[in-house]
Student: 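Quick one: the structure is below, and I'll ask about it shortly.
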2 protein chains.
Amino acid sequence: MAETMRVHTLGGEDLLFLTDEQIRRGIEAMFFAYRAFTADPDLILAGMDYGRAHHRALHFIHRDPGLTVTSLLAVLGVTKQSLNRVLRTLIEDGLVESRVGRRDRRERLLHLTAEGAALERRLSEAQRARMRQAYRAAGPQAVAGFRQVLEAMMDPDTRAQYQSMKDLPE
Amino acid sequence: MAETMRVHTLGGEDLLFLTDEQIRRGIEAMFFAYRAFTADPDLILAGMDYGRAHHRALHFIHRDPGLTVTSLLAVLGVTKQSLNRVLRTLIEDGLVESRVGRRDRRERLLHLTAEGAALERRLSEAQRARMRQAYRAAGPQAVAGFRQVLEAMMDPDTRAQYQSMKDLPE
DNA sequence: TTGGAAAGTCAACAAGACTGCCCTATCAAG
DNA sequence: CTTGATAGGGCAGTCTTGTTGACTTTCCAA
(Lines give C-alpha, C1' and ligand atoms only; values in the text may rest on other atoms or scores of the structure.)
Protein backbone atom coordinates (compact mmCIF):
# COMPACT_ATOMS: atom_id res chain seq x y z
CA MET A 1 0.00 0.00 0.00
CA ALA A 2 2.75 2.37 0.99
CA GLU A 3 3.79 1.97 -2.62
CA THR A 4 1.22 4.47 -3.82
CA MET A 5 0.63 6.55 -0.72
CA ARG A 6 1.23 10.26 -0.95
CA VAL A 7 2.95 9.93 -4.27
CA HIS A 8 1.77 13.42 -5.03
CA THR A 9 4.11 14.85 -2.44
CA LEU A 10 6.99 13.52 -4.50
CA GLY A 11 5.85 13.76 -8.11
CA GLY A 12 3.35 16.61 -8.12
CA GLU A 13 -0.43 16.69 -8.10
CA ASP A 14 -0.73 14.48 -11.16
CA LEU A 15 -0.37 11.34 -9.12
CA LEU A 16 -2.89 12.17 -6.45
CA PHE A 17 -5.23 9.83 -8.29
CA LEU A 18 -3.14 6.84 -7.28
CA THR A 19 -3.28 7.27 -3.53
CA ASP A 20 -5.17 4.58 -1.69
CA GLU A 21 -7.67 7.17 -0.57
CA GLN A 22 -8.44 8.33 -4.09
CA ILE A 23 -8.81 4.74 -5.18
CA ARG A 24 -11.15 4.13 -2.28
CA ARG A 25 -13.26 7.06 -3.40
CA GLY A 26 -13.44 5.49 -6.84
CA ILE A 27 -14.57 2.20 -5.34
CA GLU A 28 -17.36 3.93 -3.48
CA ALA A 29 -18.37 5.90 -6.55
CA MET A 30 -18.58 2.63 -8.44
CA PHE A 31 -20.82 1.11 -5.78
CA PHE A 32 -23.22 4.05 -5.60
CA ALA A 33 -23.33 4.60 -9.34
CA TYR A 34 -24.02 0.96 -10.11
CA ARG A 35 -26.92 0.99 -7.71
CA ALA A 36 -28.44 3.93 -9.56
CA PHE A 37 -27.57 2.35 -12.88
CA THR A 38 -29.76 -0.67 -12.22
CA ALA A 39 -32.53 1.15 -10.36
CA ASP A 40 -34.62 2.34 -13.31
CA PRO A 41 -35.02 -0.95 -15.17
CA ASP A 42 -35.46 -2.75 -11.84
CA LEU A 43 -38.42 -0.52 -11.12
CA ILE A 44 -40.08 -1.42 -14.40
CA LEU A 45 -39.36 -5.12 -13.94
CA ALA A 46 -40.66 -5.12 -10.39
CA GLY A 47 -44.24 -4.99 -11.58
CA MET A 48 -43.91 -7.91 -13.94
CA ASP A 49 -42.63 -11.27 -12.78
CA TYR A 50 -39.17 -10.49 -14.10
CA GLY A 51 -35.90 -9.36 -12.61
CA ARG A 52 -32.52 -8.01 -13.54
CA ALA A 53 -31.47 -11.30 -15.07
CA HIS A 54 -34.30 -11.11 -17.58
CA HIS A 55 -33.22 -7.64 -18.57
CA ARG A 56 -29.66 -8.80 -19.22
CA ALA A 57 -30.83 -11.72 -21.34
CA LEU A 58 -33.10 -9.47 -23.40
CA HIS A 59 -30.30 -6.97 -23.84
CA PHE A 60 -27.79 -9.41 -25.27
CA ILE A 61 -30.29 -11.29 -27.39
CA HIS A 62 -31.28 -7.95 -28.85
CA ARG A 63 -27.71 -6.98 -29.57
CA ASP A 64 -26.88 -10.29 -31.27
CA PRO A 65 -30.01 -12.03 -32.57
CA GLY A 66 -29.61 -15.75 -33.24
CA LEU A 67 -26.89 -16.30 -30.68
CA THR A 68 -26.79 -19.69 -28.99
CA VAL A 69 -27.50 -20.44 -25.37
CA THR A 70 -23.83 -21.20 -24.85
CA SER A 71 -22.66 -17.86 -26.20
CA LEU A 72 -25.19 -16.03 -24.09
CA LEU A 73 -23.92 -18.01 -21.13
CA ALA A 74 -20.39 -16.87 -21.84
CA VAL A 75 -21.38 -13.22 -22.15
CA LEU A 76 -23.44 -13.19 -18.98
CA GLY A 77 -20.93 -15.21 -16.99
CA VAL A 78 -23.48 -17.31 -15.14
CA THR A 79 -24.24 -21.00 -15.02
CA LYS A 80 -26.54 -22.81 -17.36
CA GLN A 81 -29.32 -23.30 -14.87
CA SER A 82 -29.34 -19.70 -13.83
CA LEU A 83 -29.85 -18.63 -17.39
CA ASN A 84 -32.20 -21.46 -18.16
CA ARG A 85 -34.80 -20.48 -15.65
CA VAL A 86 -34.83 -16.96 -16.98
CA LEU A 87 -34.88 -18.08 -20.57
CA ARG A 88 -37.68 -20.54 -19.98
CA THR A 89 -40.02 -17.90 -18.59
CA LEU A 90 -39.13 -15.51 -21.39
CA ILE A 91 -39.90 -18.19 -23.97
CA GLU A 92 -43.11 -19.30 -22.24
CA ASP A 93 -44.27 -15.70 -22.13
CA GLY A 94 -43.53 -15.26 -25.79
CA LEU A 95 -40.80 -12.65 -25.46
CA VAL A 96 -38.02 -14.86 -26.78
CA GLU A 97 -38.08 -17.44 -29.53
CA SER A 98 -35.73 -20.42 -29.49
CA ARG A 99 -35.12 -21.97 -32.90
CA VAL A 100 -33.30 -25.23 -33.43
CA GLY A 101 -30.01 -24.63 -35.21
CA ARG A 102 -29.91 -25.61 -38.87
CA ARG A 103 -26.19 -26.30 -38.97
CA ASP A 104 -26.03 -28.03 -35.60
CA ARG A 105 -29.37 -29.24 -34.31
CA ARG A 106 -28.16 -29.31 -30.72
CA GLU A 107 -28.00 -25.55 -30.68
CA ARG A 108 -30.89 -23.25 -29.86
CA LEU A 109 -30.74 -19.92 -31.63
CA LEU A 110 -32.32 -17.13 -29.63
CA HIS A 111 -34.37 -14.26 -31.04
CA LEU A 112 -36.64 -11.60 -29.57
CA THR A 113 -40.27 -11.62 -30.60
CA ALA A 114 -41.96 -8.31 -31.31
CA GLU A 115 -43.20 -8.28 -27.74
CA GLY A 116 -39.73 -9.08 -26.41
CA ALA A 117 -38.20 -6.32 -28.48
CA ALA A 118 -40.78 -3.90 -27.11
CA LEU A 119 -39.90 -4.71 -23.50
CA GLU A 120 -36.20 -4.56 -24.26
CA ARG A 121 -36.66 -1.11 -25.75
CA ARG A 122 -38.60 0.08 -22.76
CA LEU A 123 -36.02 -1.14 -20.24
CA SER A 124 -33.15 0.03 -22.33
CA GLU A 125 -34.59 3.47 -22.77
CA ALA A 126 -35.04 3.88 -19.03
CA GLN A 127 -31.41 2.97 -18.46
CA ARG A 128 -30.17 5.04 -21.36
CA ALA A 129 -32.03 8.11 -20.10
CA ARG A 130 -29.93 8.12 -16.96
CA MET A 131 -26.71 7.47 -18.83
CA ARG A 132 -27.49 10.16 -21.36
CA GLN A 133 -28.08 12.68 -18.62
CA ALA A 134 -24.83 11.68 -16.91
CA TYR A 135 -22.93 11.87 -20.19
CA ARG A 136 -24.37 15.27 -20.94
CA ALA A 137 -23.55 16.56 -17.49
CA ALA A 138 -19.98 15.27 -17.58
CA GLY A 139 -19.07 16.07 -21.18
CA PRO A 140 -17.31 14.15 -23.94
CA GLN A 141 -13.84 14.13 -22.41
CA ALA A 142 -15.12 12.72 -19.15
CA VAL A 143 -17.07 10.09 -21.05
CA ALA A 144 -13.96 8.99 -22.89
CA GLY A 145 -12.13 8.64 -19.58
CA PHE A 146 -15.05 6.81 -18.05
CA ARG A 147 -14.97 4.22 -20.82
CA GLN A 148 -11.19 3.86 -20.63
CA VAL A 149 -11.17 3.16 -16.91
CA LEU A 150 -14.06 0.70 -17.17
CA GLU A 151 -12.30 -1.19 -19.95
CA ALA A 152 -9.07 -1.31 -18.00
CA MET A 153 -10.97 -2.72 -15.04
CA MET A 154 -12.42 -5.70 -16.91
CA ASP A 155 -10.88 -9.14 -16.91
CA PRO A 156 -8.80 -9.57 -20.06
CA ASP A 157 -11.12 -12.19 -21.55
CA THR A 158 -14.17 -10.06 -20.92
CA ARG A 159 -12.41 -7.03 -22.37
CA ALA A 160 -11.59 -8.89 -25.56
CA GLN A 161 -15.19 -10.02 -25.82
CA TYR A 162 -16.42 -6.49 -25.17
CA GLN A 163 -14.11 -4.93 -27.70
CA SER A 164 -15.03 -7.42 -30.38
CA MET A 165 -18.74 -6.71 -30.02
CA LYS A 166 -19.92 -4.79 -33.00
CA ASP A 167 -21.83 -1.57 -32.67
CA LEU A 168 -25.44 -2.10 -33.54
CA PRO A 169 -26.48 -0.48 -36.80
CA GLU A 170 -29.25 1.97 -35.99
CA MET B 1 -34.50 8.24 -29.05
CA ALA B 2 -34.30 9.95 -32.38
CA GLU B 3 -33.48 13.01 -30.33
CA THR B 4 -29.89 11.97 -29.88
CA MET B 5 -29.36 9.73 -32.87
CA ARG B 6 -26.60 10.61 -35.27
CA VAL B 7 -26.16 14.00 -33.69
CA HIS B 8 -22.56 13.88 -34.83
CA THR B 9 -23.60 14.15 -38.43
CA LEU B 10 -25.01 17.56 -37.63
CA GLY B 11 -22.77 19.00 -34.95
CA GLY B 12 -19.43 17.32 -35.56
CA GLU B 13 -17.69 14.39 -33.90
CA ASP B 14 -17.93 15.90 -30.41
CA LEU B 15 -21.44 14.63 -29.94
CA LEU B 16 -20.85 11.07 -31.04
CA PHE B 17 -20.81 10.22 -27.35
CA LEU B 18 -24.50 10.98 -27.08
CA THR B 19 -25.76 8.59 -29.71
CA ASP B 20 -27.87 5.75 -28.40
CA GLU B 21 -25.27 3.31 -29.59
CA GLN B 22 -22.45 4.97 -27.70
CA ILE B 23 -24.61 5.07 -24.59
CA ARG B 24 -25.37 1.40 -25.06
CA ARG B 25 -21.66 0.66 -25.17
CA GLY B 26 -21.26 2.54 -21.91
CA ILE B 27 -24.01 0.47 -20.35
CA GLU B 28 -22.30 -2.73 -21.37
CA ALA B 29 -18.94 -1.47 -20.14
CA MET B 30 -20.57 -0.70 -16.80
CA PHE B 31 -21.97 -4.22 -16.58
CA PHE B 32 -18.72 -5.98 -17.44
CA ALA B 33 -16.57 -3.72 -15.29
CA TYR B 34 -18.78 -4.07 -12.26
CA ARG B 35 -18.56 -7.82 -12.51
CA ALA B 36 -14.79 -7.64 -12.45
CA PHE B 37 -14.93 -5.04 -9.71
CA THR B 38 -16.67 -7.42 -7.30
CA ALA B 39 -14.88 -10.58 -8.39
CA ASP B 40 -11.72 -10.32 -6.29
CA PRO B 41 -13.28 -9.75 -2.88
CA ASP B 42 -16.01 -12.29 -3.71
CA LEU B 43 -13.31 -14.88 -4.25
CA ILE B 44 -11.81 -14.22 -0.83
CA LEU B 45 -15.21 -14.24 0.85
CA ALA B 46 -16.28 -17.45 -0.86
CA GLY B 47 -14.10 -19.54 1.43
CA MET B 48 -15.47 -18.06 4.63
CA ASP B 49 -19.18 -18.01 5.40
CA TYR B 50 -19.44 -14.42 4.24
CA GLY B 51 -20.66 -12.69 1.12
CA ARG B 52 -20.66 -9.37 -0.63
CA ALA B 53 -23.00 -7.91 1.95
CA HIS B 54 -20.46 -8.52 4.71
CA HIS B 55 -17.79 -6.79 2.67
CA ARG B 56 -19.92 -3.70 2.22
CA ALA B 57 -20.70 -3.52 5.93
CA LEU B 58 -17.02 -3.84 6.85
CA HIS B 59 -16.09 -1.21 4.32
CA PHE B 60 -18.41 1.47 5.62
CA ILE B 61 -17.80 0.70 9.27
CA HIS B 62 -14.10 1.08 8.54
CA ARG B 63 -14.59 4.39 6.77
CA ASP B 64 -16.70 5.85 9.57
CA PRO B 65 -16.06 4.10 12.89
CA GLY B 66 -18.77 4.54 15.47
CA LEU B 67 -21.57 5.07 12.99
CA THR B 68 -25.01 3.90 14.02
CA VAL B 69 -27.00 1.04 12.55
CA THR B 70 -29.42 3.52 11.04
CA SER B 71 -26.72 5.48 9.23
CA LEU B 72 -25.21 2.30 7.90
CA LEU B 73 -28.66 1.30 6.70
CA ALA B 74 -28.97 4.58 4.85
CA VAL B 75 -25.58 4.28 3.20
CA LEU B 76 -26.10 0.71 2.08
CA GLY B 77 -29.65 1.28 0.95
CA VAL B 78 -31.00 -2.03 2.21
CA THR B 79 -33.63 -2.98 4.77
CA LYS B 80 -33.05 -3.46 8.47
CA GLN B 81 -33.56 -7.18 8.33
CA SER B 82 -31.15 -7.59 5.48
CA LEU B 83 -28.40 -5.71 7.30
CA ASN B 84 -29.23 -7.29 10.61
CA ARG B 85 -28.49 -10.79 9.49
CA VAL B 86 -25.10 -9.72 8.21
CA LEU B 87 -24.29 -7.61 11.24
CA ARG B 88 -25.26 -10.35 13.67
CA THR B 89 -22.81 -12.83 12.17
CA LEU B 90 -20.05 -10.24 12.06
CA ILE B 91 -20.60 -9.41 15.73
CA GLU B 92 -20.87 -13.07 16.76
CA ASP B 93 -17.64 -13.81 14.95
CA GLY B 94 -15.89 -10.94 16.66
CA LEU B 95 -15.21 -8.83 13.58
CA VAL B 96 -17.49 -5.98 14.57
CA GLU B 97 -18.17 -4.50 17.97
CA SER B 98 -21.47 -2.83 18.82
CA ARG B 99 -21.24 -0.33 21.68
CA VAL B 100 -24.22 1.30 23.34
CA GLY B 101 -24.30 5.01 22.55
CA ARG B 102 -23.30 7.33 25.37
CA ARG B 103 -25.34 10.29 24.22
CA ASP B 104 -28.34 8.18 23.23
CA ARG B 105 -28.38 4.73 24.74
CA ARG B 106 -30.76 3.44 22.10
CA GLU B 107 -28.07 3.74 19.50
CA ARG B 108 -25.52 1.06 18.73
CA LEU B 109 -22.19 2.45 17.60
CA LEU B 110 -20.36 0.12 15.26
CA HIS B 111 -16.61 -0.44 15.26
CA LEU B 112 -14.28 -2.96 13.68
CA THR B 113 -12.25 -5.17 15.98
CA ALA B 114 -8.62 -5.83 15.11
CA GLU B 115 -9.73 -9.00 13.37
CA GLY B 116 -12.46 -7.16 11.47
CA ALA B 117 -10.02 -4.48 10.40
CA ALA B 118 -7.65 -7.17 9.14
CA LEU B 119 -10.31 -8.75 6.95
CA GLU B 120 -11.46 -5.36 5.72
CA ARG B 121 -7.90 -4.55 4.74
CA ARG B 122 -7.49 -7.83 2.92
CA LEU B 123 -10.70 -7.42 0.93
CA SER B 124 -10.08 -3.79 0.27
CA GLU B 125 -6.56 -4.37 -0.93
CA ALA B 126 -7.75 -6.99 -3.41
CA GLN B 127 -10.26 -4.56 -4.81
CA ARG B 128 -7.87 -1.63 -4.76
CA ALA B 129 -5.25 -3.62 -6.64
CA ARG B 130 -7.55 -3.90 -9.61
CA MET B 131 -8.61 -0.27 -9.44
CA ARG B 132 -5.04 0.90 -9.10
CA GLN B 133 -4.04 -1.06 -12.18
CA ALA B 134 -6.99 0.34 -14.12
CA TYR B 135 -6.21 3.88 -12.97
CA ARG B 136 -2.57 3.49 -13.95
CA ALA B 137 -3.49 2.08 -17.35
CA ALA B 138 -5.99 4.84 -18.08
CA GLY B 139 -4.16 7.84 -16.66
CA PRO B 140 -5.19 10.79 -14.49
CA GLN B 141 -7.39 12.56 -17.01
CA ALA B 142 -9.39 9.41 -17.66
CA VAL B 143 -9.75 8.86 -13.93
CA ALA B 144 -11.14 12.34 -13.46
CA GLY B 145 -13.68 11.69 -16.20
CA PHE B 146 -14.55 8.31 -14.75
CA ARG B 147 -15.36 9.88 -11.40
CA GLN B 148 -17.34 12.70 -12.99
CA VAL B 149 -19.58 10.37 -14.96
CA LEU B 150 -20.15 8.07 -11.98
CA GLU B 151 -21.15 11.01 -9.81
CA ALA B 152 -23.49 12.34 -12.44
CA MET B 153 -25.09 8.91 -12.63
CA MET B 154 -25.98 8.67 -8.93
CA ASP B 155 -29.32 9.61 -7.48
CA PRO B 156 -29.15 13.16 -6.11
CA ASP B 157 -29.51 12.05 -2.50
CA THR B 158 -26.82 9.45 -2.85
CA ARG B 159 -24.56 11.96 -4.57
CA ALA B 160 -24.94 14.41 -1.72
CA GLN B 161 -24.13 11.66 0.75
CA TYR B 162 -21.15 10.59 -1.31
CA GLN B 163 -19.79 14.09 -1.67
CA SER B 164 -20.12 14.82 2.01
CA MET B 165 -18.11 11.76 2.99
CA LYS B 166 -14.75 12.83 4.23
CA ASP B 167 -11.55 11.37 2.87
CA LEU B 168 -10.00 9.04 5.37
CA PRO B 169 -6.84 10.38 6.94
CA GLU B 170 -4.07 7.90 6.10
C1' DT C 1 -21.25 -48.04 -35.31
C1' DT C 2 -20.26 -46.64 -31.16
C1' DG C 3 -18.45 -43.85 -27.54
C1' DG C 4 -17.19 -39.37 -26.01
C1' DA C 5 -18.15 -34.56 -25.99
C1' DA C 6 -21.15 -30.71 -26.50
C1' DA C 7 -25.76 -28.34 -26.02
C1' DG C 8 -29.47 -27.96 -23.46
C1' DT C 9 -32.87 -29.20 -19.59
C1' DC C 10 -34.21 -30.13 -14.94
C1' DA C 11 -34.19 -30.83 -9.64
C1' DA C 12 -32.64 -29.28 -5.38
C1' DC C 13 -30.31 -25.96 -2.64
C1' DA C 14 -28.09 -21.35 -0.77
C1' DA C 15 -27.34 -16.34 -0.39
C1' DG C 16 -29.23 -12.18 0.05
C1' DA C 17 -32.60 -9.17 -0.87
C1' DC C 18 -37.64 -7.98 0.42
C1' DT C 19 -42.24 -7.30 3.35
C1' DG C 20 -45.08 -7.42 7.35
C1' DC C 21 -45.57 -7.80 12.05
C1' DC C 22 -44.11 -7.67 16.79
C1' DC C 23 -41.07 -6.63 20.66
C1' DT C 24 -37.95 -3.83 23.98
C1' DA C 25 -35.48 0.11 25.39
C1' DT C 26 -34.94 4.80 25.41
C1' DC C 27 -35.86 9.52 24.77
C1' DA C 28 -38.46 13.83 24.73
C1' DA C 29 -42.42 16.59 25.18
C1' DG C 30 -46.80 17.63 27.14
C1' DC D 1 -45.29 10.69 34.59
C1' DT D 2 -47.54 9.27 30.79
C1' DT D 3 -47.48 9.03 25.95
C1' DG D 4 -45.76 8.97 21.42
C1' DA D 5 -41.77 8.64 18.54
C1' DT D 6 -37.26 6.63 17.61
C1' DA D 7 -33.40 3.00 17.56
C1' DG D 8 -32.69 -1.40 17.37
C1' DG D 9 -33.66 -6.35 17.04
C1' DG D 10 -36.22 -10.59 15.71
C1' DC D 11 -39.41 -14.06 13.31
C1' DA D 12 -41.84 -15.90 9.36
C1' DG D 13 -42.32 -16.14 4.71
C1' DT D 14 -41.27 -14.85 -0.17
C1' DC D 15 -38.54 -13.80 -4.34
C1' DT D 16 -34.64 -13.55 -7.46
C1' DT D 17 -30.62 -15.28 -8.84
C1' DG D 18 -26.88 -17.68 -8.19
C1' DT D 19 -24.83 -22.62 -7.35
C1' DT D 20 -23.90 -28.10 -8.28
C1' DG D 21 -24.97 -32.39 -10.19
C1' DA D 22 -27.37 -35.56 -12.99
C1' DC D 23 -29.93 -36.33 -17.23
C1' DT D 24 -31.28 -36.31 -22.51
C1' DT D 25 -30.41 -35.30 -27.16
C1' DT D 26 -27.42 -34.62 -30.77
C1' DC D 27 -23.17 -34.58 -33.19
C1' DC D 28 -18.75 -36.17 -34.76
C1' DA D 29 -14.72 -38.86 -35.19
C1' DA D 30 -12.22 -43.14 -34.39
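Throughout, protein chains are lettered first and strands after them, A, B, ... in sequence-line order, and every chain is numbered starting at 1. Here the structure is a predicted model, which is why all the values come from computation and not from measurement.
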Student: Does a side-chain N or O of B:Thr68 approach OP1 or OP2 of D:dA7 to a distance below 4.0 Å, or not?
Tutor: no
Student: Between C:dG8, D:dG9, D:dG18, which nucleotide gets closest to the side-chain atoms of A:Arg108?
Tutor: C:dG8
Student: Using heavy atoms to find the nearest nucleotide of DNA chain D for A:Gly101 and A:Val86 separately, return the residue whose nucleotide is more 5′.
Tutor: A:Val86
Student: Using whole Å, what does the distance between atom P of nucleotide C:dC18 and atom CG of A:Leu43 come to?
Tutor: 14 Å
Student: By the definition side chain to side chain contact (heavy atoms under 4.5 Å, CB included), identify the one residue from A:Leu18, A:Val149, A:Asp20, A:Ile27 that meets it with B:Met131.
Tutor: A:Ile27
Student: For DNA chain D, which residues in residues 73-84 of chain B have a heavy atom at a distance below 4.0 Å?
Tutor: B:Lys80, B:Gln81, B:Asn84
Student: Rounded to whole Å, how long is the line connecting atom CG of B:Asp49 with atom P of C:dA15?
Tutor: 7 Å
Student: Do A:Glu151 and A:Gln163 meet the criterion of a side-chain donor-acceptor pair at a distance under 3.5 Å?
Tutor: yes
Student: Is the closest basic N to carboxylate O distance between A:Arg35 and A:Asp42 below 4.0 Å?
Tutor: no
Student: Could you tell me whether A:Glu28 atom CD has more than 12 heavy atoms of other residues or ligands within 6.0 Å of it?
Tutor: yes
Student: Could you check B:Glu107 against A:Arg52 and say which one's nearest nucleotide on DNA chain D is further toward the 5' end?
Tutor: B:Glu107
Student: Would you kindly give the NE2-to-P distance between A:His55 and D:dG18, to the nearest whole Å?
Tutor: 14 Å
Student: When we call it a touch if two heavy atoms are under 4.0 Å apart, what does B:Arg88 touch: a base, just sugar-phosphate, or nothing?
Tutor: sugar-phosphate
Student: Out of D:dA5, D:dG18, C:dC18, which has the shortest distance to the side chain of B:Arg85?
Tutor: C:dC18
Student: Would you mind telling me which of D:dG9, D:dC27, C:dA25 lies closest to the side-chain atoms of B:Arg106?
Tutor: C:dA25
Student: Give a yes or no on whether A:Val100 and A:Leu112 share a hydrophobic cluster (residues Ile, Leu, Val, Met, Phe, Trp, Tyr; joining criterion: side-chain heavy atoms under 4.5 Å apart).
Tutor: no
Student: Under 4.0 Å from OP1 or OP2 of D:dT17: is there any side-chain N or O of A:His54 that close?
Tutor: yes
Student: Using whole Å, report how far CZ of A:Arg35 lies from C1' of C:dA17.
Tutor: 13 Å
Student: I need the CD1-C1' distance between A:Ile91 and C:dC10, as an integer number of Å.
Tutor: 14 Å
Student: Listed by chain and number, what are the side chain to side chain contact (heavy atoms under 4.5 Å, CB included) partners of A:Thr68, not counting sequence neighbours?
Tutor: A:Thr70, A:Ser71, A:Glu107, A:Leu109
Student: Say whether A:Leu73 and A:Met165 are linked into one hydrophobic cluster, either directly or through other cluster members, by side-chain heavy-atom distances under 4.5 angstrom.
Tutor: yes
Student: Any side-chain N or O of B:Arg105 less than 4.0 Å from the OP1 or OP2 oxygen of C:dT26?
Tutor: yes
Student: Could you check B:Ile61 against B:Leu87 for side chain to side chain contact (heavy atoms under 4.5 Å, CB included), going step by step and ending with a plain yes or no?
Tutor: CA-CA 11 Å; B:Ile61 296 174; B:Leu87 225 39; 4.3 Å; yes
Student: To the nearest angstrom, how far is A:Leu45 atom CG from C:dA17 atom P?
Tutor: 18 Å
Student: Just the rounded figure in Å: distance from C1' of C:dA7 to CG of A:Leu72.
Tutor: 13 Å
Student: Under 4.0 Å between a side-chain N or O of B:Arg56 and OP1 or OP2 of C:dA17?
Tutor: yes
Student: Measure from CG on B:Asp42 to C1' on D:dT19 and round the result to the nearest Å.
Tutor: 13 Å
